[in-house]
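What's counted below: heavy atoms across the whole structure, side chains too, no hydrogens, waters or symmetry copies.
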Amino acid sequence: MASINIKSFFTSLMILVTLFGVGVEGTVHKVGGSSGWTMMGVDYQAWASSRTFKVGDSLVFEYNNEFHDVTEVTPHDFELCYSSNPLARYQTGSDTVTLTKPGFQHFICGVPGHCDIGQKLDIFVFPASLGPVAAAPVPGPVRSPSSSMSPSPSPLAGSPKTNAPRFRMGPSPL
């Protein structure tokens, strides 16, 4: 019976995670705030340090695409401001990057010299929290018919010459 209750609990929990996890939308972060993605007047390290990034969130890069781009790079290429081997490159002037995995992500402007003077962003992305799922009540266990608490009939119940009760209460004999 305990294994049925545990299975029911985990089944209920998985259903709740599926229902609530799919519908949760992340936060949209406009990189650089009102200044956007530019090489002047924005401290991207300070901007990022005041935010928490989670899987499911989005980064919106708004910039003049005649003068800038957004290049996602490895940690090594980020430190060197090296844009020749990008993981991804965005060039529309209004790009949305959805954060799909936890860990560090690194972005630079691939225009020569821009990263060197500070147009670069590195963030840490946390796993998506369970949010409402953790606080949601979990339905109680469902009893199967075989685990019912109703008494079982006594083996002597059908015997014609007995004064024994029709139903036996308590634990069954070994």
Min side-chain heavy-atom separation [X]-[Y] under 4.5 Å:
{"X": "Phe61", "Y": "Phe107", "answer": "yes"}
{"X": "Leu121", "Y": "Trp47", "answer": "yes"}
{"X": "Lys120", "Y": "Tyr44", "answer": "no"}
{"X": "Thr74", "Y": "Tyr82", "answer": "no"}

Quiz item: Restricting to pairs with a member in residues 49-77, which pass salt bridge (charged side-chain N to carboxylate O under 4.0 Å, His left out), not counting sequence neighbours?
Solution: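 Checked against salt bridge (charged side-chain N to carboxylate O under 4.0 Å, His left out) - neighbours excluded - the pairs reaching residues 49-77 are Lys30-Glu62, Asp69-Arg89.
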
Any chance you could measure [X], atom [atom1], to [Y], atom [atom2], to the nearest 0.5 Å?
{"X": "Asp116", "Y": "Cys109", "atom1": "CG", "atom2": "SG", "value": "10.5 Å"}
{"X": "Asp43", "Y": "Ser49", "atom1": "CG", "atom2": "OG", "value": "7.5 Å"}
{"X": "His106", "Y": "Phe78", "atom1": "NE2", "atom2": "CZ", "value": "7.0 Å"}

Quiz item: Going by distance alone, is a donor N or O of one side chain under 3.5 Å from an acceptor N or O of the other, for Tyr90 and Asn65?
Solution: no

Quiz item: side-chain contact (heavy atoms from CB on, under 4.5 Å) between Thr38 and Phe67: does it pass, once the steps are laid out?
Solution: CA-CA 9 Å; Thr38 181; Phe67 302 106; over 6 Å; no

Is [X] linked to [Y] within one hydrophobic cluster, defined over Ile, Leu, Val, Met, Phe, Trp and Tyr using a side-chain heavy-atom separation of less than 4.5 Å?
{"X": "Leu87", "Y": "Phe104", "value": "no"}
{"X": "Met40", "Y": "Val42", "value": "no"}
{"X": "Val97", "Y": "Trp37", "value": "yes"}

Atom of [X], atom of [Y] and distance for their closest heavy-atom approach:
{"X": "Thr71", "Y": "Pro86", "answer": "CG2-CB, 3.4 Å"}
{"X": "Val111", "Y": "His68", "answer": "CG2-CA, 3.9 Å"}
{"X": "Val55", "Y": "Pro127", "answer": "CG2-CA, 4.1 Å"}
{"X": "Tyr63", "Y": "Ser94", "answer": "CE2-N, 4.3 Å"}
{"X": "Thr98", "Y": "Gly56", "answer": "CG2-O, 4.5 Å"}

Practice problem: Identify which one of Thr96, Val70, Ile123, Val28 satisfies the side chain to side chain contact (heavy atoms under 4.5 Å, CB included) criterion when paired with Leu59. | Solution: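 In the set Thr96, Val70, Ile123, Val28, the residue that makes a side chain to side chain contact (heavy atoms under 4.5 Å, CB included) with Leu59 is Ile123.
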
Quiz item: Can the SG atoms of Cys81 and Cys115 be said to lie under 2.5 Å from each other?
Solution: yes

